[in-house]
**Student:** 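Just dropping this structure here.
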Amino acid sequence: MSMPIWFPRWEGESYPSIVLFARRRMGYWIPRISRADHEEIVKDLLAKNVRPTWDAEHGCWTVSDDHFLQLVGVFLKRHPRVSVGREYNELEACNWRCKNAQSPRCTCSCQARNHAHGDWMNGWNILFEDNRVMASRNWSWMAVEKEAADRG
């Protein structure tokens, strides 16, 4: 299954990718896996009751964004690097609600850097970053790996 064209390649490489849309379920894509296997792999990684659905418009599978941090964690256990994308609004000012948030959901202009004081990224080493626009939506992308102390 080919990678969605709007997902980044890092130094020519395709990484497993997770995207947080502003107003829909989170998307994911795994390289070198058939379309049918995507659904089964994520059910095995998260839980049998997870219901992935195909998003033809964006070319990726989707699940509830409640699984965001868990899915990044299991992808980082199985793959050396993961791509994480977040839709954001460059006109939405970062405020106390963002900085004191408990979940990783954020669309403000800080691109989630200040969100929950950035604690949602604990244990990640950011390798590459890129901002891009897709269909008039702003996206902040990061290629991440586990921090050296967390590898093993």
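Heads up: numbering here begins at 1 and tracks the sequence. All values derive from a computational prediction rather than experimental measurement.
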**Student:** Hey, does H38 have a side-chain heavy atom less than 4.5 Å from the side chain of P52?
**Tutor:** no
**Student:** Grab the two heavy atoms, one from S14 and one from P31, that are nearest each other, plus how far apart they are.
**Tutor:** O-CG, 3.6 Å
**Student:** Pair S64, R25 - check side-chain hydrogen bond (donor to acceptor under 3.5 Å, both in side chains), show working.
**Tutor:** CA-CA 5 Å; S64 167; R25 293 162 39 111; over 6 Å; no
**Student:** State the NZ-NZ distance between K77 and K146, to the nearest 0.5 angstrom.
**Tutor:** 6.5 Å
**Student:** I'd like to check V144 versus L127 (side-chain heavy atoms, cut-off strictly below 4.5 Å). Are they in contact?
**Tutor:**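 The answer is no, as the side chains (C-beta and beyond) never meet within the 4.5 Å cut-off.
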**Student:** Do F68 and V84 have side-chain heavy atoms sitting under 4.5 Å apart?
**Tutor:**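 Yes, side chains in contact.
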**Student:** In the single-linkage hydrophobic clustering (I, L, V, M, F, W, Y; side-chain heavy atoms under 4.5 Å), do Y88 and I18 co-cluster?
**Tutor:**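 Cluster IDs for Y88 and I18 differ.
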**Student:** Would you give the length of the straight line joining atom CE of M26 to atom CG of L20, rounded to the nearest 0.5 angstrom?
**Tutor:**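 Spacing of CE (M26) from CG (L20) equals 7.0 Å.
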**Student:** Check whether any side-chain heavy atom of W141 lies under 4.5 Å from a side-chain heavy atom of S83, and answer yes or no.
**Tutor:**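 Side-chain contact under 4.5 Å: yes.
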**Student:** Side-chain contact, heavy-atom cut-off 4.5 Å: W139 with D130?
**Tutor:** no
**Student:** Mind checking side-chain contact (heavy atoms from CB on, under 4.5 Å) for D37 and listing every partner two or more places apart, or none if nothing turns up?
**Tutor:** I33, S34, I41
**Student:** Could you check whether R81 makes a cation-pi contact with W124, meaning its NZ or CZ is under 6.0 Å from the centre of the six-membered ring and within 45° of the ring axis?
**Tutor:** no
**Student:** Is S17 reaching over with its side chain to a backbone N or O of W29, donor-acceptor style, under 3.5 angstrom?
**Tutor:**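 Looks like no, no N/O pair under 3.5 Å.
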**Student:** Applying side-chain contact (heavy atoms from CB on, under 4.5 Å), run through M142 and V82 and close with a yes or a no.
**Tutor:** CA-CA 8 Å; M142 298 183 290; V82 173; over 6 Å; no
**Student:** Using the ring of each side chain (for Trp, its six-membered ring), is Y15 parallel, tilted or perpendicular to W10, with breaks at 30° and 60°?
**Tutor:**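 Ring orientation, 0 to 90° scale: parallel.
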**Student:** Would you check if R86 and V19 make a side-chain contact, meaning some heavy-atom pair closer than 4.5 Å?
**Tutor:** no
**Student:** Output the distance between atom OG1 (T62) and atom NE2 (H67), rounded to the nearest 0.5 Å.
**Tutor:**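 Between T62 OG1 and H67 NE2, I get 11.0 Å after rounding to 0.5 Å.
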**Student:** Considering non-hydrogen atoms only, spot the tightest contact between C94 and S109 and give its length.
**Tutor:** N-OG, 4.1 Å
**Student:** For the residue pair W61 and W54, does the interplanar ring angle fall in the parallel (under 30°), tilted (30 to 60°) or perpendicular (over 60°) class?
**Tutor:**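 Judged by the thresholds at 30° and 60°, the geometry between W61 and W54 is perpendicular.
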**Student:** If we count only N and O atoms by modelled type, under 3.5 Å, do the side chains of E145 and N125 hold a donor and an acceptor together?
**Tutor:**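 Side chains of E145 and N125: pair found under 3.5 Å.
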**Student:** Measure the spacing between CG of D55 and SG of C60 and express it to the nearest 0.5 Å.
**Tutor:** 5.0 Å
**Student:** May I have the step-by-step check of side-chain contact (heavy atoms from CB on, under 4.5 Å) for E87 and M134, ending in yes or no?
**Tutor:** CA-CA 10 Å; E87 184 178 353; M134 194 275 299; over 6 Å; no
**Student:** To the closest 0.5 Å, what do you measure between CZ (R137) and CZ (R23)?
**Tutor:** 8.5 Å
**Student:** Taking all atoms of both residues into account, what is the closest heavy-atom pair of A93 and C108, and its distance?
**Tutor:** O-CB, 3.9 Å
**Student:** Please tell me whether E92 and T107 have a donor and an acceptor in their side chains that are separated by less than 3.5 angstrom.
**Tutor:**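 There is such a pair (donor and acceptor under 3.5 Å, judged by atom type) between the side chains of E92 and T107.
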**Student:** Do E57 and R24 come within less than 4.5 Å of each other through their side chains, counting heavy atoms only?
**Tutor:** yes
**Student:** Can you label the angle between the Y28 ring and the F75 ring as parallel, tilted or perpendicular, going by 30° and 60°?
**Tutor:** perpendicular
**Student:** Answer whether the closest heavy-atom distance between the side chains of F21 and H58 falls below 4.5 Å.
**Tutor:**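 They are in side-chain contact.
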